[in-house]
Amino acid sequence: MITGAELFVKALKAEQVDTLFAYPGGQAIDLFNALYGERDIDVILPRHEQGLVHAADGYARSTGKTGVCLVTSGPGATNLVTGIATANYDSVPLVCFTGQVPTGLIGNDAFQEVDIVGITRNICKYAVTVRKRDDLAETIKKAFYIARTGKPGVVVIDLPKDIQQAYGSDEYPEEVEIRGYKPKGSVHAGQIKKAVEVLNRAKKPVFLIGGGVIISRAQDEMQRLAEATGVPVITTIMGKGAIPTTHDLYIGNIGIHGSYAANTAISHCDVLFSIGTRFNDRITGKIGEFAPNAAIIHIDIDPASISRNIAVDIPIVADAKSAISALLEKAQPGGTGEWLEEINVWKKQHPISMGPEGLTPQKIINAINDTFDNVIIATDVGQNQLWATQFLELGKNRQLLTSGGLGTMGYGFPAAIGAKIGNPDRDVIVITGDGGMQMNIQEMATAVCCGLPLIICILNNGYLGNVRQWQEMFFNKRYSGTCMRRRRSCPPDCNSPADHCPEYTPDFIKLAESYGANGIRVTSETEIAAALTAAKGTPKVPTVIEFLIEREANVLPIVPPGNALDHMILESGDN
């Protein structure tokens, strides 16, 4: 007979959990007591629960393992909400344990009581409160099984304090059966045959690859499929890296900030073969004019994603890796030579470029490409993310972590902490903006205390840049609420930076040093390489590199809201 808390620890070991991101509190103290002195599980103490769940997310994405969180009830639990939605949108396997008041107090507005199951039910894959000690082992087993299988996602397990303290069996099941939950296993051979037949007849086919290929670890199979068929590959932001971005068959990203060649190819293709993307509005543009001439084939593990946003001609419900493997058995080379030549002309006519002058994000990211080989890059959200997804070279030894579905500012830095903990022998870089960095900057203490030599590249333009760009392009430069230097003494109708603007707050270099990290400020393109090299050679502590970029630099191309993908603004002033 052991306590529920002791069974919790035994369950984690049985599920091969080696890292637990955890923040203590009154309703979780028994669980922490059971973890005391535990040598097989590394308990990481972040400085905020949102940083904690993003770190678990980054750990999961980068390792392929299930991320595991533990927090207390009330505010501890509610601070996970944004991270739960972030991970679930992007199909990241997480199991989040929350402490809860004793079962006899649930519903009585007890101190630090919230209905976290009710709060998170619509933003996770499964959520449950354990009401009986006898159900604890099976519930935890179900949680890990649900999180990992089918379309991965987040499971929330709420553990009342009396369940943690109660004695019961020490048995933990090896397997679990869940009535009504049978993740798709086999691939429908007939649908695969139909898809191959349509692909073989195509004159202008494209593969559109989403994050599902990355999640299923099917990059090698995807590259072989592209090479076997000669079909060009376009990716969503989440799918970038599904084949090396230097590959001759890789065209670029699709969507609002997609490349001219990729967006134009989608608009002119006759077969669109999509794998592992849900066709959200960021990639389709005006739905009625998306791939208007194409027969659409869609492979996705989630049947609810097929024909939800875009009507498809051949639906295939399957795991991406299994489906691609089945396609490889039937793949044939197609006559795509003229089509590829046409696409390459578009690429040469309108390459993504920021121009030769000044300290540009393109130059910074190109230097990262040149300096680092075996690297994980975590981005925040905003212009920094979009520039990263435009210019980063990704492939077998280069992995991108980014918040795609929810677009969560504050994600990048803590996600990088989790990635570095899970991958201690790989370089891990953060590309972030000055706004996003401040949302979870307290995790600098976590990185320093854990001895993590992260490289944090802050692209500082003094604005919440993505919103400012929209204000410039579509709202007549009415810069409302986006200037990070603004003081109450500033004029209310300011619409451009000036030499007399107030100093930026904080001083990122001094702030980094106050945490015990290193800080480097870069103001010229000639300083980029030296700063990255110095950061790469710094062991055991993070290095913050603040790049002072042009304040009104824009991410281009851009598809204006409500337009089709082939209606792109290519240069500033075109609108």
Side-chain angles (χ1 to χ4, degrees), residues 19-29 31-32 35-36 41-62 67-87 94 96-99 112 114 116 378-381 401 403 408-424 428-430 432-458 505-519 540-544 546:
T19 306
L20 175 65
F21 298 87
Y23 204 98
Q27 304 304 335
I29 197 167
L31 300 170
F32 278 84
L35 287 162
Y36 182 77
I41 301 174
D42 187 13
V43 179
I44 305 298
L45 175 66
R47 297 311 189 257
H48 189 283
E49 289 91 353
Q50 187 181 115
L52 175 153
V53 67
H54 289 329
D57 176 316
Y59 173 91
R61 295 193 204 212
S62 63
V68 187
C69 305
L70 170 61
V71 299
T72 193
S73 64
T78 57
N79 280 341
L80 295 184
V81 170
T82 297
I84 288 170
T86 299
L94 291 187
C96 300
F97 294 95
T98 59
Q112 292 192 334
V114 297
I116 195 62
T379 81
D380 214 274
V381 166
L401 310 180
S403 171
T408 302
M409 288 181 68
Y411 171 82
F413 180 34
I417 289 174
K420 185 62 178 177
I421 289 170
N423 302 267
V428 178
I429 298 172
V430 184
T432 184
D434 51 298
M437 184 63 191
Q438 292 183 72
M439 286 198 166
N440 274 309
I441 200 166
Q442 76 285 337
E443 299 309 320
M444 192 70 71
T446 309
V448 169
C449 291
C450 290
L452 305 179
L454 298 171
I455 300 169
I456 301 124
C457 299
I458 302 175
T505 300
D507 183 323
F508 284 110
I509 306 308
K510 290 181 179 179
L511 187 56
E513 291 171 348
S514 75
Y515 276 106
N518 293 329
K540 297 185 179 180
V541 296
T543 298
V544 172
E546 182 187 27

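For the single chain, residues carry numbers from 1 onward in sequence order.
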For residues [X] and [Y], report the shortest heavy-atom separation together with the two atoms involved.
{"X": "Pro414", "Y": "Glu443", "value": "CB-CG, 4.3 Å"}
{"X": "Gly516", "Y": "Val448", "value": "C-CG2, 4.2 Å"}
{"X": "Asn440", "Y": "Gly410", "value": "ND2-O, 2.9 Å"}
{"X": "Asp380", "Y": "Thr408", "value": "OD1-O, 4.1 Å"}
{"X": "Ala87", "Y": "Leu94", "value": "CB-CD1, 3.6 Å"}
{"X": "Ala419", "Y": "Ser62", "value": "CA-OG, 3.4 Å"}

So [Y] and [X], do their side chains get closer than 4.5 Å, heavy atoms only?
{"X": "Val71", "Y": "Asn79", "value": "no"}
{"X": "Val68", "Y": "Tyr59", "value": "no"}
{"X": "Leu52", "Y": "Leu80", "value": "yes"}
{"X": "Met437", "Y": "Met444", "value": "yes"}
{"X": "Gln438", "Y": "Phe413", "value": "no"}
{"X": "Leu20", "Y": "Phe97", "value": "no"}

| said: Apply side-chain contact (heavy atoms from CB on, under 4.5 Å) to residues Tyr515 and Gln442 and explain how you reach the verdict. | reply: CA-CA 9 Å; Tyr515 276 106; Gln442 76 285 337; 4.3 Å; yes
Quick one: pull up [atom1] in [X] and [atom2] in [Y] and give me the separation to the nearest 0.5 Å.
{"X": "Leu452", "Y": "Ile417", "atom1": "CG", "atom2": "CD1", "value": "6.5 Å"}
{"X": "Ile44", "Y": "Leu70", "atom1": "CD1", "atom2": "CG", "value": "13.0 Å"}
{"X": "Glu546", "Y": "Asp434", "atom1": "CD", "atom2": "CG", "value": "8.0 Å"}
{"X": "Leu45", "Y": "Cys450", "atom1": "CG", "atom2": "SG", "value": "8.5 Å"}
{"X": "Glu49", "Y": "Cys96", "atom1": "CD", "atom2": "SG", "value": "11.5 Å"}
{"X": "Ile84", "Y": "Thr78", "atom1": "CD1", "atom2": "OG1", "value": "10.0 Å"}

- Task: Ignoring hydrogens and angles, tell me if any N or O in the side chain of Ser73 forms a donor-acceptor pair with the backbone of Gln112 under 3.5 Å.
- Result: yes
Self-check item: Donor-acceptor contact below 3.5 Å, side chain Thr543 vs main chain Ile455
Solution: no
(Q) Taking CG in Leu511 as the centre, count heavy atoms belonging to other residues, nucleotides or ligands within less than 6.0 Å. Is the count above 12? (A)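 For Leu511, atom CG is crowded (more than 12 foreign heavy atoms under 6.0 Å).
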